[in-house]
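Presented below is the structure to which this report refers.
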Amino acid sequence: MAFFLGLVLGIIAGLAVFIAFRRSEKSRSRCRRELADIVAASARMTLEDSRKILPGEFFPSWVVFSHRQKLSWLNQELIKIWPYVNEATSELIRISVEPILEQYRPAIINSLKFSKLTLGTVAPQLTGVSMIEDDQSAIAMEFELQWDGNPNIVLDIHTKLGVALPIQVKDIRFTGVLHLIFKPLVEVFPCFGAISYSLREKKKLDFTLKVIGGELSSIPGISGAIEETIRNAIEDSITWPARKVVPVLPGDYSDLELKPDGILEVKLVRARNLTDKDIIGKTDPYAVLYTRPLRDRMKTSKTISNNLNPVWNEHFEFVVEDAATQHLVVKIYDDDGFQASELIGCAQVMLKDLQPGKVKDVWLKLVKYLEVQKDKKDRGQVHLELVYFPFGMENELSNPFSSQFHLTSLERTLKSGINGTEVTDFDRTSMHRKREVIMRGVLSVTVLSAVDLPAMDIMGKSDTYVVLKMMKTRTRNKTRVVNQSLNPIWNQTFDFVVEDALRDMLILEAWDHDIFMKDFIGRCIMTLTRVMMEGEYADSFHLEGSKAGKLNLKLKWMAQPIYRYS
(Lines give C-alpha, C1' and ligand atoms only; values in the text may rest on other atoms or scores of the structure.)
Protein backbone atom coordinates (compact mmCIF):
# COMPACT_ATOMS: atom_id res chain seq x y z
CA MET A 1 0.00 0.00 0.00
CA ALA A 2 3.03 2.24 -0.24
CA PHE A 3 1.66 3.04 -3.70
CA PHE A 4 -1.01 5.24 -2.18
CA LEU A 5 1.13 6.57 0.66
CA GLY A 6 3.77 7.90 -1.72
CA LEU A 7 1.11 9.53 -3.82
CA VAL A 8 -0.59 11.63 -1.15
CA LEU A 9 2.06 12.00 1.55
CA GLY A 10 3.40 15.35 0.34
CA ILE A 11 -0.04 16.90 -0.07
CA ILE A 12 -1.26 15.55 3.26
CA ALA A 13 1.84 16.67 5.12
CA GLY A 14 1.38 20.21 3.81
CA LEU A 15 -2.24 20.34 4.90
CA ALA A 16 -1.39 18.81 8.26
CA VAL A 17 1.38 21.32 8.92
CA PHE A 18 -0.96 24.20 8.19
CA ILE A 19 -3.73 22.91 10.42
CA ALA A 20 -1.39 21.91 13.26
CA PHE A 21 0.38 25.28 13.13
CA ARG A 22 -2.96 27.08 13.27
CA ARG A 23 -4.04 25.03 16.29
CA SER A 24 -0.79 25.68 18.17
CA GLU A 25 -0.99 29.39 17.48
CA LYS A 26 -4.56 29.53 18.82
CA SER A 27 -3.33 28.54 22.27
CA ARG A 28 -0.82 31.40 22.57
CA SER A 29 -2.88 34.55 22.58
CA ARG A 30 -6.42 35.85 22.37
CA CYS A 31 -5.58 37.76 19.23
CA ARG A 32 -4.38 34.68 17.45
CA ARG A 33 -7.40 32.73 18.66
CA GLU A 34 -9.64 35.34 17.06
CA LEU A 35 -7.61 35.14 13.87
CA ALA A 36 -7.92 31.37 13.85
CA ASP A 37 -11.68 31.70 14.35
CA ILE A 38 -11.84 33.98 11.32
CA VAL A 39 -9.82 31.49 9.27
CA ALA A 40 -12.09 28.65 10.42
CA ALA A 41 -15.19 30.68 9.57
CA SER A 42 -13.76 31.43 6.14
CA ALA A 43 -13.09 27.75 5.60
CA ARG A 44 -16.75 27.02 6.28
CA MET A 45 -17.92 29.46 3.63
CA THR A 46 -19.72 27.87 0.75
CA LEU A 47 -18.98 28.67 -2.85
CA GLU A 48 -22.24 30.59 -3.05
CA ASP A 49 -21.13 32.76 -0.09
CA SER A 50 -17.86 33.53 -1.84
CA ARG A 51 -19.60 34.49 -5.07
CA LYS A 52 -21.77 37.00 -3.19
CA ILE A 53 -18.63 38.73 -1.88
CA LEU A 54 -16.26 38.47 -4.84
CA PRO A 55 -16.91 39.04 -8.56
CA GLY A 56 -16.43 36.08 -10.90
CA GLU A 57 -13.11 37.37 -12.26
CA PHE A 58 -11.51 36.84 -8.83
CA PHE A 59 -12.15 33.08 -8.95
CA PRO A 60 -9.16 31.03 -10.16
CA SER A 61 -9.61 28.72 -13.13
CA TRP A 62 -9.52 25.55 -11.03
CA VAL A 63 -12.60 26.40 -8.98
CA VAL A 64 -15.54 24.18 -10.02
CA PHE A 65 -19.14 24.25 -8.92
CA SER A 66 -20.52 20.70 -9.11
CA HIS A 67 -20.17 18.30 -6.16
CA ARG A 68 -18.61 15.63 -8.37
CA GLN A 69 -15.83 17.96 -9.52
CA LYS A 70 -14.79 19.52 -6.20
CA LEU A 71 -11.47 17.64 -6.27
CA SER A 72 -10.76 18.07 -9.96
CA TRP A 73 -8.13 20.75 -9.39
CA LEU A 74 -6.22 18.48 -6.98
CA ASN A 75 -6.43 15.52 -9.34
CA GLN A 76 -5.07 17.68 -12.15
CA GLU A 77 -2.05 18.47 -10.00
CA LEU A 78 -1.61 14.79 -9.18
CA ILE A 79 -1.52 13.98 -12.89
CA LYS A 80 1.25 16.57 -13.36
CA ILE A 81 3.44 15.23 -10.54
CA TRP A 82 2.71 11.53 -11.12
CA PRO A 83 5.82 10.85 -13.31
CA TYR A 84 8.00 12.25 -10.52
CA VAL A 85 6.12 10.24 -7.88
CA ASN A 86 6.61 7.12 -9.98
CA GLU A 87 10.35 7.68 -10.32
CA ALA A 88 10.86 8.66 -6.69
CA THR A 89 8.83 5.92 -5.02
CA SER A 90 9.27 2.80 -7.18
CA GLU A 91 12.50 1.73 -5.51
CA LEU A 92 11.13 2.66 -2.06
CA ILE A 93 8.07 0.49 -2.71
CA ARG A 94 10.25 -2.41 -3.81
CA ILE A 95 12.34 -2.24 -0.63
CA SER A 96 9.34 -1.98 1.70
CA VAL A 97 6.94 -4.41 0.00
CA GLU A 98 9.31 -7.32 -0.72
CA PRO A 99 9.75 -8.22 3.00
CA ILE A 100 5.95 -8.15 3.46
CA LEU A 101 5.37 -10.51 0.52
CA GLU A 102 8.12 -12.77 1.82
CA GLN A 103 6.44 -12.85 5.22
CA TYR A 104 3.17 -14.02 3.65
CA ARG A 105 4.78 -16.32 1.10
CA PRO A 106 2.87 -19.64 0.81
CA ALA A 107 4.63 -22.96 1.37
CA ILE A 108 4.53 -23.89 -2.32
CA ILE A 109 6.83 -20.94 -3.19
CA ASN A 110 10.54 -20.75 -2.27
CA SER A 111 11.13 -17.07 -3.06
CA LEU A 112 9.14 -14.09 -4.29
CA LYS A 113 10.88 -10.88 -5.42
CA PHE A 114 10.37 -7.98 -7.83
CA SER A 115 12.33 -7.95 -11.08
CA LYS A 116 10.47 -4.85 -12.37
CA LEU A 117 8.37 -2.28 -10.57
CA THR A 118 7.06 0.96 -12.00
CA LEU A 119 3.70 2.57 -11.28
CA GLY A 120 2.80 3.29 -14.89
CA THR A 121 1.42 6.45 -16.45
CA VAL A 122 -2.07 6.54 -14.92
CA ALA A 123 -2.31 8.53 -11.69
CA PRO A 124 -4.78 7.59 -8.93
CA GLN A 125 -7.78 9.86 -8.52
CA LEU A 126 -8.97 11.37 -5.25
CA THR A 127 -12.75 11.03 -5.12
CA GLY A 128 -13.24 12.35 -1.58
CA VAL A 129 -11.42 14.06 1.28
CA SER A 130 -12.77 14.47 4.81
CA MET A 131 -11.56 15.72 8.19
CA ILE A 132 -12.33 13.65 11.30
CA GLU A 133 -13.02 15.94 14.26
CA ASP A 134 -13.30 13.40 17.11
CA ASP A 135 -9.92 14.10 18.74
CA GLN A 136 -8.66 17.60 19.62
CA SER A 137 -5.11 16.31 20.18
CA ALA A 138 -4.73 15.02 16.63
CA ILE A 139 -5.52 15.68 13.00
CA ALA A 140 -7.32 12.82 11.28
CA MET A 141 -8.05 12.78 7.57
CA GLU A 142 -9.54 10.29 5.15
CA PHE A 143 -8.82 10.17 1.41
CA GLU A 144 -10.99 8.11 -0.90
CA LEU A 145 -8.82 6.79 -3.75
CA GLN A 146 -9.60 5.21 -7.08
CA TRP A 147 -6.90 3.76 -9.31
CA ASP A 148 -7.31 1.93 -12.62
CA GLY A 149 -3.58 1.60 -13.09
CA ASN A 150 -1.25 0.32 -15.78
CA PRO A 151 1.85 -0.44 -13.71
CA ASN A 152 4.71 -2.61 -14.92
CA ILE A 153 5.15 -5.08 -12.06
CA VAL A 154 6.96 -8.38 -12.60
CA LEU A 155 7.52 -10.90 -9.82
CA ASP A 156 10.30 -13.48 -10.01
CA ILE A 157 8.89 -16.58 -8.34
CA HIS A 158 10.75 -19.82 -7.60
CA THR A 159 8.61 -22.77 -6.59
CA LYS A 160 9.60 -25.77 -4.48
CA LEU A 161 9.35 -27.86 -7.64
CA GLY A 162 12.37 -25.97 -9.02
CA VAL A 163 10.32 -23.97 -11.52
CA ALA A 164 11.16 -20.26 -12.05
CA LEU A 165 8.27 -18.07 -13.15
CA PRO A 166 8.29 -14.40 -14.21
CA ILE A 167 4.74 -13.34 -13.32
CA GLN A 168 3.29 -10.01 -14.34
CA VAL A 169 0.75 -8.20 -12.16
CA LYS A 170 -1.42 -6.10 -14.45
CA ASP A 171 -4.83 -4.44 -14.82
CA ILE A 172 -4.93 -3.22 -11.23
CA ARG A 173 -8.28 -1.74 -10.20
CA PHE A 174 -8.50 -0.38 -6.69
CA THR A 175 -11.01 1.68 -4.71
CA GLY A 176 -10.59 2.36 -1.00
CA VAL A 177 -10.31 4.88 1.81
CA LEU A 178 -6.91 5.81 3.26
CA HIS A 179 -7.05 6.91 6.91
CA LEU A 180 -4.27 9.14 8.33
CA ILE A 181 -3.70 10.42 11.87
CA PHE A 182 -1.19 13.18 12.69
CA LYS A 183 -0.50 12.89 16.42
CA PRO A 184 0.50 14.31 18.83
CA LEU A 185 0.27 17.98 17.94
CA VAL A 186 3.34 19.85 19.22
CA GLU A 187 4.77 23.37 19.08
CA VAL A 188 7.86 22.27 17.17
CA PHE A 189 7.94 22.17 13.38
CA PRO A 190 6.36 20.28 11.60
CA CYS A 191 3.83 20.55 14.48
CA PHE A 192 3.09 16.80 14.83
CA GLY A 193 5.15 13.93 16.21
CA ALA A 194 4.14 10.99 14.03
CA ILE A 195 1.91 9.86 11.17
CA SER A 196 -0.28 6.79 11.49
CA TYR A 197 -1.82 5.46 8.28
CA SER A 198 -4.04 2.52 7.35
CA LEU A 199 -6.47 1.39 4.69
CA ARG A 200 -9.74 2.20 6.41
CA GLU A 201 -11.91 0.51 3.79
CA LYS A 202 -11.04 -1.70 0.83
CA LYS A 203 -14.05 -1.39 -1.45
CA LYS A 204 -12.52 -3.06 -4.48
CA LEU A 205 -9.23 -4.72 -5.42
CA ASP A 206 -8.89 -6.55 -8.73
CA PHE A 207 -5.77 -7.51 -10.64
CA THR A 208 -4.62 -10.00 -13.26
CA LEU A 209 -1.70 -12.43 -12.98
CA LYS A 210 0.02 -13.62 -16.15
CA VAL A 211 3.16 -15.67 -16.75
CA ILE A 212 5.38 -13.91 -19.25
CA GLY A 213 5.58 -16.22 -22.22
CA GLY A 214 3.09 -18.76 -20.85
CA GLU A 215 -0.16 -19.46 -19.07
CA LEU A 216 -0.36 -19.40 -15.28
CA SER A 217 -3.21 -21.91 -15.33
CA SER A 218 -0.79 -24.55 -16.62
CA ILE A 219 0.77 -24.77 -13.13
CA PRO A 220 -1.94 -25.90 -10.65
CA GLY A 221 -2.19 -24.02 -7.37
CA ILE A 222 0.29 -21.24 -8.19
CA SER A 223 -2.21 -18.61 -9.34
CA GLY A 224 -4.43 -19.00 -6.28
CA ALA A 225 -1.45 -19.05 -3.92
CA ILE A 226 0.03 -15.81 -5.32
CA GLU A 227 -3.32 -14.02 -5.38
CA GLU A 228 -4.04 -15.06 -1.79
CA THR A 229 -0.54 -13.91 -0.75
CA ILE A 230 -1.11 -10.43 -2.18
CA ARG A 231 -4.58 -10.08 -0.66
CA ASN A 232 -3.48 -11.40 2.74
CA ALA A 233 -0.49 -9.05 2.83
CA ILE A 234 -2.76 -6.05 2.25
CA GLU A 235 -5.42 -7.28 4.68
CA ASP A 236 -3.07 -8.12 7.54
CA SER A 237 -0.43 -5.40 7.29
CA ILE A 238 -2.33 -2.20 6.52
CA THR A 239 -6.10 -2.72 6.49
CA TRP A 240 -7.80 -1.17 9.55
CA PRO A 241 -7.43 -1.77 12.48
CA ALA A 242 -3.86 -2.66 11.46
CA ARG A 243 -1.84 0.49 10.87
CA LYS A 244 1.66 1.75 10.23
CA VAL A 245 3.23 4.41 12.45
CA VAL A 246 5.93 6.66 10.97
CA PRO A 247 7.79 8.74 13.62
CA VAL A 248 8.55 12.29 12.49
CA LEU A 249 9.99 13.64 15.74
CA PRO A 250 11.76 11.63 18.49
CA GLY A 251 9.32 10.27 21.08
CA ASP A 252 7.22 7.37 22.33
CA TYR A 253 4.26 6.73 20.03
CA SER A 254 3.11 3.40 21.45
CA ASP A 255 -0.35 4.90 22.02
CA LEU A 256 -0.82 4.90 18.24
CA GLU A 257 -0.25 1.15 18.01
CA LEU A 258 -2.96 -1.52 18.04
CA LYS A 259 -4.63 -2.11 21.39
CA PRO A 260 -6.65 -5.23 22.32
CA ASP A 261 -10.31 -4.40 22.78
CA GLY A 262 -11.85 -7.76 23.65
CA ILE A 263 -11.99 -11.51 23.08
CA LEU A 264 -14.04 -13.24 20.39
CA GLU A 265 -15.01 -16.82 21.21
CA VAL A 266 -15.90 -18.87 18.12
CA LYS A 267 -17.21 -22.39 17.84
CA LEU A 268 -17.04 -23.88 14.37
CA VAL A 269 -19.85 -26.38 14.63
CA ARG A 270 -20.26 -27.99 11.21
CA ALA A 271 -20.96 -27.52 7.51
CA ARG A 272 -23.58 -29.02 5.24
CA ASN A 273 -24.17 -29.65 1.54
CA LEU A 274 -20.60 -28.78 0.55
CA THR A 275 -19.63 -28.81 -3.12
CA ASP A 276 -17.95 -32.09 -4.04
CA LYS A 277 -14.49 -31.25 -5.39
CA ASP A 278 -13.21 -34.81 -5.86
CA ILE A 279 -13.69 -36.92 -8.96
CA ILE A 280 -13.26 -40.14 -6.98
CA GLY A 281 -14.84 -40.26 -3.54
CA LYS A 282 -16.01 -37.16 -1.73
CA THR A 283 -14.53 -33.89 -0.49
CA ASP A 284 -12.10 -33.99 2.48
CA PRO A 285 -12.94 -30.66 4.13
CA TYR A 286 -11.07 -28.62 6.71
CA ALA A 287 -11.56 -25.00 7.78
CA VAL A 288 -9.40 -21.91 8.31
CA LEU A 289 -10.62 -19.01 10.46
CA TYR A 290 -9.14 -15.56 11.08
CA THR A 291 -9.83 -11.96 11.96
CA ARG A 292 -6.45 -11.05 10.44
CA PRO A 293 -5.02 -13.48 7.85
CA LEU A 294 -1.57 -14.08 9.34
CA ARG A 295 -1.62 -13.13 13.01
CA ASP A 296 -4.91 -14.85 13.89
CA ARG A 297 -5.00 -17.59 11.28
CA MET A 298 -6.27 -20.84 12.83
CA LYS A 299 -7.04 -24.21 11.30
CA THR A 300 -9.27 -27.05 12.40
CA SER A 301 -7.36 -29.84 14.12
CA LYS A 302 -8.79 -32.48 11.82
CA THR A 303 -9.79 -33.01 8.21
CA ILE A 304 -13.08 -34.88 7.82
CA SER A 305 -12.53 -37.47 5.09
CA ASN A 306 -15.11 -38.18 2.39
CA ASN A 307 -17.83 -36.04 3.92
CA LEU A 308 -19.96 -33.25 2.47
CA ASN A 309 -21.60 -32.63 5.88
CA PRO A 310 -18.62 -32.50 8.28
CA VAL A 311 -18.95 -31.93 12.03
CA TRP A 312 -15.95 -30.26 13.73
CA ASN A 313 -17.38 -28.69 16.90
CA GLU A 314 -14.04 -26.94 17.57
CA HIS A 315 -13.48 -23.83 19.67
CA PHE A 316 -11.26 -20.87 18.71
CA GLU A 317 -10.34 -17.63 20.48
CA PHE A 318 -9.37 -14.34 18.80
CA VAL A 319 -8.09 -11.02 20.16
CA VAL A 320 -10.15 -8.13 18.75
CA GLU A 321 -8.83 -4.57 18.35
CA ASP A 322 -11.89 -2.84 16.88
CA ALA A 323 -15.19 -4.70 17.03
CA ALA A 324 -16.93 -1.89 15.14
CA THR A 325 -15.00 -2.57 11.92
CA GLN A 326 -13.43 -6.03 12.13
CA HIS A 327 -14.94 -9.27 10.84
CA LEU A 328 -14.38 -13.00 11.22
CA VAL A 329 -13.59 -14.92 8.03
CA VAL A 330 -14.18 -18.65 7.58
CA LYS A 331 -12.75 -20.52 4.59
CA ILE A 332 -13.54 -24.16 3.84
CA TYR A 333 -10.95 -26.13 1.81
CA ASP A 334 -10.75 -29.56 0.24
CA ASP A 335 -7.55 -31.34 1.30
CA ASP A 336 -5.97 -32.79 -1.86
CA GLY A 337 -3.05 -34.45 -0.13
CA PHE A 338 0.24 -33.46 -1.76
CA GLN A 339 -1.36 -30.90 -4.03
CA ALA A 340 -2.48 -27.43 -2.99
CA SER A 341 -5.82 -27.44 -1.18
CA GLU A 342 -8.79 -26.23 -3.21
CA LEU A 343 -11.11 -23.57 -1.81
CA ILE A 344 -14.70 -24.76 -1.51
CA GLY A 345 -16.11 -21.46 -0.28
CA CYS A 346 -15.81 -18.71 2.31
CA ALA A 347 -18.02 -16.54 4.52
CA GLN A 348 -17.65 -13.68 6.99
CA VAL A 349 -19.40 -12.25 10.05
CA MET A 350 -19.23 -8.56 10.99
CA LEU A 351 -18.36 -8.27 14.69
CA LYS A 352 -20.48 -5.13 15.02
CA ASP A 353 -23.51 -7.39 14.65
CA LEU A 354 -22.64 -9.27 17.88
CA GLN A 355 -24.20 -8.26 21.18
CA PRO A 356 -21.56 -8.46 23.96
CA GLY A 357 -21.96 -11.55 26.08
CA LYS A 358 -24.74 -13.04 23.92
CA VAL A 359 -24.38 -16.16 21.80
CA LYS A 360 -25.00 -15.58 18.09
CA ASP A 361 -25.91 -18.82 16.33
CA VAL A 362 -25.62 -18.45 12.54
CA TRP A 363 -25.68 -20.47 9.35
CA LEU A 364 -23.63 -18.70 6.66
CA LYS A 365 -23.82 -19.29 2.93
CA LEU A 366 -20.44 -20.05 1.36
CA VAL A 367 -19.33 -17.91 -1.60
CA LYS A 368 -16.27 -17.89 -3.83
CA TYR A 369 -15.16 -14.30 -3.10
CA LEU A 370 -16.05 -12.19 -0.07
CA GLU A 371 -15.83 -8.96 -2.07
CA VAL A 372 -18.10 -10.17 -4.87
CA GLN A 373 -21.72 -10.82 -3.95
CA LYS A 374 -22.87 -12.18 -7.32
CA ASP A 375 -21.95 -15.81 -6.73
CA LYS A 376 -25.13 -17.81 -7.31
CA LYS A 377 -23.54 -21.26 -7.13
CA ASP A 378 -24.60 -23.35 -4.13
CA ARG A 379 -21.34 -24.13 -2.32
CA GLY A 380 -22.90 -25.18 0.98
CA GLN A 381 -23.30 -23.58 4.41
CA VAL A 382 -21.25 -23.33 7.59
CA HIS A 383 -22.60 -23.24 11.16
CA LEU A 384 -20.96 -20.96 13.75
CA GLU A 385 -21.57 -19.89 17.33
CA LEU A 386 -19.98 -16.58 18.33
CA VAL A 387 -19.69 -14.64 21.58
CA TYR A 388 -17.83 -11.34 21.99
CA PHE A 389 -16.52 -10.23 25.39
CA PRO A 390 -15.11 -6.67 25.58
CA PHE A 391 -12.32 -6.08 28.08
CA GLY A 392 -13.51 -4.26 31.18
CA MET A 393 -16.85 -6.11 31.32
CA GLU A 394 -15.56 -9.33 32.90
CA ASN A 395 -17.63 -8.78 36.04
CA GLU A 396 -20.84 -8.12 34.09
CA LEU A 397 -20.78 -10.96 31.54
CA SER A 398 -20.57 -14.71 32.08
CA ASN A 399 -18.03 -16.42 29.82
CA PRO A 400 -17.89 -20.23 30.03
CA PHE A 401 -14.67 -20.19 27.95
CA SER A 402 -12.75 -18.01 30.42
CA SER A 403 -11.12 -18.80 33.76
CA GLN A 404 -13.56 -16.85 35.91
CA PHE A 405 -15.23 -20.04 37.21
CA HIS A 406 -13.74 -21.17 40.53
CA LEU A 407 -12.04 -24.54 40.91
CA THR A 408 -12.61 -26.82 43.87
CA SER A 409 -9.87 -27.09 46.50
CA LEU A 410 -8.91 -30.53 45.21
CA GLU A 411 -8.67 -29.26 41.60
CA ARG A 412 -6.55 -26.27 42.68
CA THR A 413 -4.20 -28.66 44.46
CA LEU A 414 -3.96 -30.95 41.44
CA LYS A 415 -3.31 -28.02 39.08
CA SER A 416 -0.98 -26.04 41.34
CA GLY A 417 2.31 -27.63 40.27
CA ILE A 418 5.38 -28.39 42.34
CA ASN A 419 5.56 -25.09 44.22
CA GLY A 420 1.96 -25.35 45.42
CA THR A 421 0.85 -22.04 43.87
CA GLU A 422 -2.72 -21.74 42.66
CA VAL A 423 -3.66 -21.45 39.01
CA THR A 424 -4.13 -17.77 38.19
CA ASP A 425 -6.58 -16.17 35.81
CA PHE A 426 -5.76 -16.21 32.14
CA ASP A 427 -3.41 -13.39 31.23
CA ARG A 428 -4.89 -11.68 28.20
CA THR A 429 -1.48 -10.27 27.22
CA SER A 430 0.23 -13.67 27.00
CA MET A 431 -0.72 -16.26 24.40
CA HIS A 432 2.23 -18.58 25.04
CA ARG A 433 0.38 -21.14 27.15
CA LYS A 434 -2.37 -23.16 25.58
CA ARG A 435 -5.33 -23.47 27.92
CA GLU A 436 -7.77 -26.36 27.71
CA VAL A 437 -11.10 -25.76 29.42
CA ILE A 438 -13.01 -28.87 30.47
CA MET A 439 -16.66 -28.20 31.24
CA ARG A 440 -18.02 -31.12 33.24
CA GLY A 441 -21.58 -31.33 34.46
CA VAL A 442 -25.08 -32.74 34.09
CA LEU A 443 -27.32 -31.94 31.14
CA SER A 444 -31.06 -32.36 31.64
CA VAL A 445 -33.12 -32.58 28.44
CA THR A 446 -36.91 -32.50 28.55
CA VAL A 447 -38.56 -33.59 25.31
CA LEU A 448 -41.82 -31.68 25.55
CA SER A 449 -43.58 -32.27 22.23
CA ALA A 450 -43.41 -32.10 18.46
CA VAL A 451 -45.55 -30.16 15.98
CA ASP A 452 -46.41 -30.50 12.28
CA LEU A 453 -44.63 -33.80 11.77
CA PRO A 454 -44.88 -35.33 8.29
CA ALA A 455 -47.21 -38.30 7.90
CA MET A 456 -45.18 -41.50 7.54
CA ASP A 457 -48.03 -44.07 7.63
CA ILE A 458 -50.59 -44.93 4.97
CA MET A 459 -53.35 -43.72 7.28
CA GLY A 460 -51.83 -40.21 7.36
CA LYS A 461 -50.35 -40.40 10.85
CA SER A 462 -47.06 -41.31 12.53
CA ASP A 463 -46.13 -43.40 15.57
CA THR A 464 -43.34 -41.17 16.77
CA TYR A 465 -40.54 -41.54 19.29
CA VAL A 466 -37.32 -39.56 19.83
CA VAL A 467 -33.80 -40.94 20.32
CA LEU A 468 -31.39 -38.73 22.34
CA LYS A 469 -27.64 -39.28 22.30
CA MET A 470 -24.42 -37.48 23.16
CA MET A 471 -22.03 -37.45 20.20
CA LYS A 472 -18.78 -37.78 22.15
CA THR A 473 -19.74 -40.20 24.92
CA ARG A 474 -22.34 -42.02 22.78
CA THR A 475 -24.73 -42.16 25.75
CA ARG A 476 -28.29 -42.62 24.50
CA ASN A 477 -31.91 -42.62 25.65
CA LYS A 478 -35.28 -42.66 23.91
CA THR A 479 -38.83 -41.53 24.61
CA ARG A 480 -41.93 -43.67 24.56
CA VAL A 481 -43.85 -44.09 21.31
CA VAL A 482 -46.87 -41.81 20.79
CA ASN A 483 -49.23 -43.55 18.35
CA GLN A 484 -51.25 -42.00 15.55
CA SER A 485 -50.26 -38.34 16.04
CA LEU A 486 -48.54 -35.63 14.04
CA ASN A 487 -48.34 -33.44 17.16
CA PRO A 488 -47.18 -35.88 19.86
CA ILE A 489 -46.63 -34.89 23.51
CA TRP A 490 -44.02 -36.70 25.61
CA ASN A 491 -42.94 -34.38 28.44
CA GLN A 492 -40.12 -36.77 29.40
CA THR A 493 -36.83 -35.71 31.03
CA PHE A 494 -33.44 -37.40 30.56
CA ASP A 495 -30.17 -36.66 32.39
CA PHE A 496 -26.74 -37.01 30.77
CA VAL A 497 -23.44 -36.88 32.63
CA VAL A 498 -21.21 -34.81 30.34
CA GLU A 499 -17.43 -34.93 30.79
CA ASP A 500 -16.51 -32.23 28.22
CA ALA A 501 -19.47 -30.04 27.32
CA LEU A 502 -17.48 -27.62 25.11
CA ARG A 503 -16.64 -30.44 22.71
CA ASP A 504 -19.72 -32.62 23.00
CA MET A 505 -23.00 -32.28 21.10
CA LEU A 506 -26.58 -33.38 21.66
CA ILE A 507 -28.27 -35.24 18.81
CA LEU A 508 -32.01 -35.86 18.73
CA GLU A 509 -33.60 -38.06 16.05
CA ALA A 510 -37.33 -38.48 15.43
CA TRP A 511 -38.46 -41.85 14.14
CA ASP A 512 -41.73 -43.42 13.07
CA HIS A 513 -42.23 -46.81 14.76
CA ASP A 514 -43.67 -49.71 12.78
CA ILE A 515 -43.86 -53.42 13.60
CA PHE A 516 -41.44 -54.57 10.92
CA MET A 517 -39.36 -51.43 10.34
CA LYS A 518 -38.81 -47.82 11.39
CA ASP A 519 -38.77 -44.68 9.24
CA PHE A 520 -36.44 -41.74 9.84
CA ILE A 521 -38.30 -38.41 10.17
CA GLY A 522 -35.53 -35.89 10.93
CA ARG A 523 -32.89 -34.80 13.42
CA CYS A 524 -31.58 -31.89 15.51
CA ILE A 525 -27.85 -31.46 16.20
CA MET A 526 -26.93 -28.84 18.77
CA THR A 527 -23.97 -27.74 20.83
CA LEU A 528 -24.21 -27.09 24.56
CA THR A 529 -22.93 -23.50 24.36
CA ARG A 530 -26.27 -21.80 24.86
CA VAL A 531 -27.38 -23.91 27.79
CA MET A 532 -23.98 -23.36 29.45
CA MET A 533 -24.35 -19.61 28.98
CA GLU A 534 -27.97 -19.32 30.08
CA GLY A 535 -28.19 -22.23 32.51
CA GLU A 536 -31.71 -23.14 31.38
CA TYR A 537 -33.91 -22.40 28.38
CA ALA A 538 -36.77 -23.78 26.26
CA ASP A 539 -37.06 -23.49 22.48
CA SER A 540 -38.34 -25.08 19.27
CA PHE A 541 -35.94 -26.77 16.84
CA HIS A 542 -36.50 -27.59 13.18
CA LEU A 543 -36.00 -31.22 12.22
CA GLU A 544 -33.30 -31.39 9.54
CA GLY A 545 -34.10 -33.83 6.78
CA SER A 546 -37.80 -33.09 7.06
CA LYS A 547 -39.76 -30.50 5.10
CA ALA A 548 -41.82 -29.75 8.20
CA GLY A 549 -41.80 -30.58 11.85
CA LYS A 550 -40.30 -29.12 15.01
CA LEU A 551 -39.26 -30.46 18.40
CA ASN A 552 -40.07 -28.48 21.55
CA LEU A 553 -37.32 -28.95 24.13
CA LYS A 554 -36.26 -27.68 27.53
CA LEU A 555 -32.59 -27.87 28.52
CA LYS A 556 -30.89 -27.29 31.86
CA TRP A 557 -27.19 -27.31 32.75
CA MET A 558 -25.43 -27.86 36.10
CA ALA A 559 -21.69 -27.26 35.61
CA GLN A 560 -18.39 -28.07 37.29
CA PRO A 561 -15.42 -26.71 35.23
CA ILE A 562 -11.84 -28.00 35.13
CA TYR A 563 -8.74 -26.28 33.68
CA ARG A 564 -5.68 -27.86 32.15
CA TYR A 565 -2.60 -25.97 30.97
CA SER A 566 0.03 -27.20 28.59
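Residue numbers count from 1 along this sequence.
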Contact list for residues 223-242, test ring pair (Phe, Tyr, Trp, His ring centres under 6.0 Å), sequence neighbours left out
His179-Trp240
Return the set of residues passing side-chain contact (heavy atoms from CB on, under 4.5 Å) with Thr275 (not counting sequence neighbours), or none when no residue passes.
Lys277, Ile344, Lys377, Arg379
Excluding sequence neighbours, so at least two apart, what forms salt bridge (charged side-chain N to carboxylate O under 4.0 Å, His left out) with Arg530?
Glu534, Asp539
Would you call Asp500 and Lys472 a salt bridge, taking side-chain N to carboxylate O under 4.0 Å as the test?
yes
Using the side-chain hydrogen bond (donor to acceptor under 3.5 Å, both in side chains) criterion, which residues pair with Lys299? Sequence neighbours excluded.
none
Residues which pass side-chain hydrogen bond (donor to acceptor under 3.5 Å, both in side chains) with Asp261, listed by chain and number, not counting sequence neighbours
Tyr388
Solution key, residues 251-260 side-chain donor-acceptor pairs under 3.5 Å, sequence neighbours excluded:
| from | atom 1 | to | atom 2 | distance (Å) |
| --- | --- | --- | --- | --- |
| Asp252 | OD1 | Ser254 | N | 3.1 |
| Asp252 | OD1 | Ser254 | OG | 3.2 |
| Tyr253 | OH | Gly193 | O | 3.1 |
| Tyr253 | OH | Leu249 | O | 2.6 |
| Lys259 | NZ | Ser254 | O | 2.6 |
| Lys259 | NZ | Glu257 | O | 3.4 |

Which residues share a salt bridge (charged side-chain N to carboxylate O under 4.0 Å, His left out) with Glu544, sequence neighbours left out:
Arg270, Arg272
Tell me every residue that passes side-chain hydrogen bond (donor to acceptor under 3.5 Å, both in side chains) with Ser540, counting only those two or more places apart in sequence or in another chain.
Asn552
For Asp504, all residues meeting side-chain hydrogen bond (donor to acceptor under 3.5 Å, both in side chains), sequence neighbours excluded
none
Applying ring-ring contact (aromatic ring centres under 6.0 Å, His included), can you list everything that pairs with Phe316, at least two apart in sequence or on another chain?
none
Who pairs with Arg292 by salt bridge (charged side-chain N to carboxylate O under 4.0 Å, His left out), at least two apart in sequence or on another chain?
Asp236, Glu321
Restricting to salt bridge (charged side-chain N to carboxylate O under 4.0 Å, His left out), what partner residues turn up for Lys113, sequence neighbours left out?
none
